[in-house]
Student: 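Could you have a look at this structure, given as structure tokens, before my questions?
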Amino acid sequence: MRGQKLGAGLIAQNQSALPPFILYRPTSLPEAVDLNEQHPEAVMAAGCSDLVAQIREGYEPEVVISLQHVNELRSISHEDGVLSIGSMVTHHAGSTSPDIRAFMPALATAWGSIATVRIRYRGTLGGNLMARRFRYELPVILSALNGQMHFQASDVTTLPVSSLWDRDARSPGILTGVTVETGSLLWYGYERSMRPVSTVALAVRRQAGAGITVTAVCGSEYRQPFVLSHTAAATAISDLDPVAVGAVLASQLPDAAGDFTGTAEYRRHLVGVLSSRLLARAAGYQQK
Amino acid sequence: MTPDAQDSPSVGDEKLTVDLEFDLNGSPERHSVPTSTTVLDLLRNNCGKRGVRGSCERSVCGACTVLIDDVPVAACSTFAFEIDGTRVETVEGLAAKDGTLSAQQQAFRECGGFQCGFCTSGMLMMTTALLRENPEPDREEIREWISSNTCRCTGYEMILESVERAAQLGRTPQANGEPQ
Amino acid sequence: MTKTPSPFTAAQDAPIVGRNLPRLDATAKVTGRAVYTVDIDRPGMLHAKVLRSPYAHARVLSIDAEAARRLEGVTAVLTRDEIKGLNCYGTYVKDQPIVATDLVRYVGDVVAAVAAIDEHTAFAALDLITVEYEQLEAVFDPEAALDPSAPLIFPAEPFAAFPEYGDGASGNARSAHNVSYEFRYQTGPEDAWDECDHVFEDTFAFSRMNHMHLEPFVTVAEATADEIEVWTSTQSPFPMRKELAYVFGLPENRIRVNVPLLGGAFGAKNGPKTETIAIRLSQLSAGRPVRYCMTTEEVFLTLSQHDAVLTVKSGLKADGEFVARQSRVLLNGGAYADASPLVAEKAGYRMPGAYRWKRIDSVCQAVITNTVPAGAFRGFGATQATWASERQVDLIAERLGLDPFDLRLKNMKDLGEDFVPGETPIDSDLKHGLNLVADAIGYRDRNRSGNRGMGVAIGLKDGGGVNKPAQARVKVTTSGDVFLNCALIEMGQGGHSALCQIVAEVLACDPQRVKFARVDTDSNPFDQGTNASSGIAVMGRAVLQAAERVRSAVLDFAAEHLELERESISLANWQVIDAEGSSYELAPLIMNGFGGTGFEFTGDGFYKARSSRRAPLEAPCIFWEIGWAAAEVAVDPETGKVELLQLVVSGDAGKVVNKLGCRGQDEGAAVFGLAQALFEELRYDNGELLNAEALLYRVPLAEDIPRRFWSITQEQGHGAGPFGAKGMGEGGMLPIAPAIAQAIADATGAQLTSLPMTPQRVYNAIRDAQATKGRG
Ligand SMILES: Cc1cc2nc3c(=O)[nH]c(=O)nc-3n(C[C@H](O)[C@H](O)[C@H](O)COP(=O)(O)OP(=O)(O)OC[C@H]3O[C@@H](n4cnc5c(N)ncnc54)[C@H](O)[C@@H]3O)c2cc1C
Ligand code: FES
Ligand code: FES
């Protein structure tokens, strides 16, 4: 549904009645960037599954740049302890990628667990992030990993995934991909069994100096993801008390996390439980 | 954009139509359609494939599922320009030219994997894609694939059985030829 | 004990022809050739779009649609100015106008509609309409709406007409502030309460779902001032025709309702949805065809289930014998009455559940609120009543330290026992079914370790519609090709196929030879609608009679022309078989007998339960539709997450006409129940509907179904339908949520009283139970 243009009510817009748009189908990234420069109002089309929803909510694109044929955006690589994933990588391709499976199997597992088979073939990393919907999971999954988004316009911008909701809706160019630093990562896990009430992605990293940082990101249906973090003077995950750390993380969840599907209090409890379970798994994994 | 823009073929020198060539159920198709046309509208209105159903029109229910280069896709949420140069399959392409039902169709028919039938075209296309990817899926894999689409009528169990049966029929073609 | 007579005991043991075969509509549906209303395309067809209210409650001060009217490609604009002199619609209470007049009553109420050459133009025209609203205070909660200080949503009293009930029942429109309809039922001596050693009162909350039929509401209309023809997705073509005649002031024979296949309905497609707007726009567009097809988002804003608050007071003897029950049910009817009066009637009437009481006293009020209108929804009235009734049995069992299963069996009615005086006696062995499902999941020797638990529950409803008549016609051509002509709507339940099988059974022919004729009110005999699981039990009887009459006529004709003893001959595969077993081709005989042109033998059938003053609801019900279920869950006490390990559902088909059909009805209904139990709901947050959209509104997927899920179709043989059959389709939904709730209690001690049983609710209930245990 969308608002009527004079404020007189609601209209059930559909894509069938969308006026035609100017369509560009670039075949290289420079071409795409160029087109985006010429048409700053243009919208990127990736898997289009969310774009269609936006149209039904009233969005009328005048210029569409389809990234379908920009093959550079489909690359995945791991170099110097950094995993780079192109924005046009689909959930299916990402979760089955040999590189990701080799260097970050837990990310592959988490990625392969979202949405449905049909959506995983279509939906892309870029679309999942740039749709900026609270209920989509890659912002949660990648924020916990301290993922960085790379945009290309006339210049290059890098922003943490966790900053998705900090700024206005406009993308600072084309999202080319996301990078994740894997060197200091000790453990990663994602818990979505309580979706849509709460999901928790949790990463454990070794600090450059000393100590261990646990980053948990709590996702939910109607509220933006919350990043929770705790640094302990430990040397191994097994030194951490999962329940105590879970409680510390949970206590950081603000009252704003409460919504129709769960009060802030219940959600804090849940995040504590899920985080401590993930940490217990992490400790078990590390012992092996 | 003003309402009458639809009638004008172009904005400035930009064309507002796309020319498409694709393969539909084994036959070549050529169309020139407005850029904003969806695959669902193209197939139903321009190609006469009324077996492709539209419901939620937002990628959720899968009633409109068709195969594009073997991959199941929601036709409602895919623009026609995206299928240029691809191979598209709909429910109409499943049966043989002489009307003999495919293994999937026979199985859904025999196991009652439908009620109102509105989800059936999409369920059959999901089944087709799954069995191409893995001709011998187990229950859990079938469940995972069928969980892509919504059926409000059956409660799913009979659909899961239909997919299992389709896999079985696909392996033993001599089991085909059920009375219709 | 009075046993319901089964009129067709003779045929009891022989399976009905086609019983184990695929449904007759299978091939059309698996090839994509099936035609639904969404597929109807008329030459020169226009497209309708509507403008909906952004406010829950507001006065419409002015509407200016001039610019919209002037837009090229627009053929008609419909506002309150274009419906002057036309009537409002609704099942008993006629309160819903074609478009809003002076007030809008919920977010989504239609304010204006446009017909144009294409959808794009229609949207553009809607965007040119200006509306001035004056916002009014709104009320969303039924309890709050009853308060005299709450805004009155219908300042003027709408026209209402409702049935003359029989013994103990009464109905009343506008009985209280914002009440559209109130139903009361009482039976038994009031002093029964004095016998009670315990009296318990509990309150339960029932949630609200959307029907989510995959085919949206859709109509194509061709209408002038004198004549209307529609192709529409409705469950009830004849009531629709009557309603349209009333709204538009036309004779019924000037209105023709055609109904293709329905892509699901679940109760939603009763009464006008898209019809009146499409018709009026066509009238205003010089009779050109107008298609009005809602989007799924609009379907969410058109009709829903009734959420309810149910307060139940039950009195028992010390040993657990039930004595008296009093209940007060508040239904959230939403902004327009729609089928609310019927739902109120059923919710009130079904509060006794499967149990024996000396005294029953129920009142149910349908309350008007500024939310989406609520209407008929699979199992309506019974879903709400069963949740409260069954749940209270569990609460009582816990308080008295009894096993909930034993308490049920102790008080459960026997086969043939009266439900209430004047009503059809119970026509299934209820205890047999309860034991069946309990044993199926291993209830008696269950292992409750690991926070596992099991529950067993039962729900029932009077089936077959209220005082419902049905008619059918069967025709056979010279060559033995058969037409079944009746207005039963195929919406997924397999009704067309089952009725064709009944005809084939009587005429002893292949079911494939029976064609279900197109549904259209000009040529079909009358039917009251496809609802209340009435297809087999009521229409089936009419079809059976029609087929039997055809068979009789054919045999009379053959006996005369072949000079055979009428009593000695029979019919099979369009041949007459004599006593010696010789067969005679009918086709040549008919050609000769009718002047060389051939003939069609035709038989009409009619069925209706006899009306009775004693029956509380005008007539005794046709049959009792029963649902039994047993569930096993594992609960995570730390999170409140419930995992459904096993679910078995069972219904009594009486006699199975089509196996796949029966199974599908029970399993489909059970999954509605499962979803309502655990997660599916329309979420209202302070009046705002949060999830009126397909992605946000979660319906069950295959992954939500327990790995062990199955149905058991019983054939107890006591049904009043053909061959002892009963209706199916709703019963399976009734016991699911209560069975799951009981299983949760069995596992954790947590007693849930609100649906859905979300993790947070379960978690809180576990904590409450632990706290109580700690104190006690
Ligand atoms: C039925 C269903 C179930 C789903 N379930 C889940 C789930 O369980 N978990 C989950 O996480 N997600 C879920 N999703 C979302 C899904 O995973 C997709 O990621 C999402 O729909 C968007 O992906 P897309 O590639 O189709 O994006 P598009 O629709 O193409 O794009 C979405 C937005 O991102 C912008 N955009 C896309 N790419 C770029 C780029 N490179 N640079 C700049 N802007 C860009 C577009 O302009 C648009 O505004 C679900 C979706 C559906 C329909
Ligand atoms: S209609 Fe395309 S997914 Fe529902
Ligand atoms: S058969 Fe009706 S939705 Fe699946």
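Basis for what follows: all heavy atoms, side chains included, without hydrogens, waters or symmetry-related copies. Note on naming: letters A, B, ... go to the chains in the order of the sequence lines (proteins, then strands), and numbering restarts at 1 for each one.
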Student: Charged N to carboxylate O under 4.0 angstrom, B:Glu110 versus C:Lys659?
Tutor: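 Not counted as a salt bridge, because no side-chain N and carboxylate O are separated by less than 4.0 Å.
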
Student: Please flag which part of C:Gln665 lies under 4.5 Å from any non-hydrogen atom of chain B: side chain, backbone, both or neither.
Tutor: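 When you check distances to chain B, atoms from both the backbone and side chain of C:Gln665 fall under 4.5 Å.
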
Student: Would you call C:Arg663-B:Glu161 a salt bridge at under 4.0 Å N-O?
Tutor: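 Yes.
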
Student: Give a yes or no on whether the backbone of C:His211 and the side-chain of B:Arg152 come within a donor-acceptor separation of less than 3.5 Å.
Tutor: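 Side chain of B:Arg152 to backbone of C:His211, a donor-acceptor pair under 3.5 Å: yes, one is there.
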
Student: Could you look at C:Phe266 and say if it's the side chain, the backbone, both or neither that has a heavy atom under 4.5 Å from chain B?
Tutor: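 Contact with chain B is through the side chain of C:Phe266 alone.
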
Student: Mind running side chain to side chain contact (heavy atoms under 4.5 Å, CB included) on C:Val30 and B:Leu101 for me, showing each step along the way?
Tutor: CA-CA 9 Å; C:Val30 300; B:Leu101 299 183; 4.1 Å; yes

Student: Any idea which of C:Asp39, C:Thr296, C:Val671 has the most non-hydrogen atom pairs under 4.5 angstrom with chain B?
Tutor: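 Max contact count across the listed options: C:Asp39.
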
Student: Using non-hydrogen atoms only, which part of C:Leu214 is less than 4.5 Å away from chain B: side chain, backbone, both, or neither?
Tutor: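 Both backbone and side chain.
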
Student: So if I take each residue of residues 143-151 of chain B and look for any heavy atom under 4.5 Å from a heavy atom in chain C, which residues do I end up with?
Tutor: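 Contacts with chain C: B:Arg143, B:Ile146, B:Ser147, B:Asn149, B:Thr150.
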
Student: So which heavy atom on B:Gln115 is nearest to which on C:Asp25, and how close?
Tutor: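 Where B:Gln115 meets C:Asp25 most closely, the heavy atoms are O-OD2, 4.4 Å.
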
Student: Between B:Glu140 and C:Arg707 (salt bridge meaning N to carboxylate O under 4.0 Å), is one present in this structure?
Tutor: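 Here B:Glu140 pairs with C:Arg707 in a salt bridge, since their nearest N and O are under 4.0 Å apart.
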
Student: Out of B:Arg53, B:Arg50, B:Glu92, which one racks up the most heavy-atom pairs below 4.5 Å with chain C?
Tutor: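 Most heavy-atom pairs under 4.5 Å with chain C: B:Arg53.
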
Student: Tell me, with the steps shown, if C:Ile705 and B:Glu157 meet side chain to side chain contact (heavy atoms under 4.5 Å, CB included).
Tutor: CA-CA 8 Å; C:Ile705 310 304; B:Glu157 200 65 21; 4.0 Å; yes

Student: Side chain, backbone, both or neither: which part of C:Asn658 has a heavy atom under 4.5 Å from chain B?
Tutor: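 Neither part, no heavy atoms under 4.5 Å.
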
Student: Flag the one option from C:Met491, C:Glu215, C:Glu490 with the top tally of heavy-atom pairs under 4.5 Å to chain B.
Tutor: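 Most heavy-atom pairs under 4.5 Å with chain B: C:Glu215.
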
Student: May I ask you to list the residues in residues 77-88 of chain B that approach chain C closer than 4.5 angstrom, counting heavy atoms only, ordered by number?
Tutor: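 Listed by number: none.
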
Student: Using a 4.5 angstrom heavy-atom cutoff, name the option from B:Phe108, B:Phe114, B:Phe118 with the most pairs to chain C.
Tutor: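 The answer is B:Phe118.
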
Student: Check B:Arg109, B:Gln105, B:Gln106 against C:Thr27 for a side chain to side chain donor-acceptor pair (under 3.5 Å) and give me the one that passes.
Tutor: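 Single pass found, and it is B:Arg109.
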
Student: Let me know if C:Ala670 has heavy atoms under 4.5 Å from chain B in its side chain, its backbone, both or neither.
Tutor: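 Contact with chain B involves no heavy atom of C:Ala670 at all.
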
Student: Can you say whether B:Tyr156 sits under 4.5 Å from chain C via the side chain, the backbone, both, or neither, judging by heavy atoms?
Tutor: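 Side chain only.
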
Student: Under a 4.5 Å heavy-atom cut-off, does chain C meet the side chain of B:Arg44, its backbone, both or neither?
Tutor: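 Side chain only.
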
Student: State, to 0.1 Å, how close B:Cys116 and C:Gly264 come at their nearest heavy-atom pair, and which atoms those are.
Tutor: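 Looks like CB-N, 3.4 Å.
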
Student: Quick check on C:Tyr36 against chain B: is it the side chain, the backbone, both or neither that has a heavy atom closer than 4.5 Å?
Tutor: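 Contact with chain B involves the side chain of C:Tyr36 alone.
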
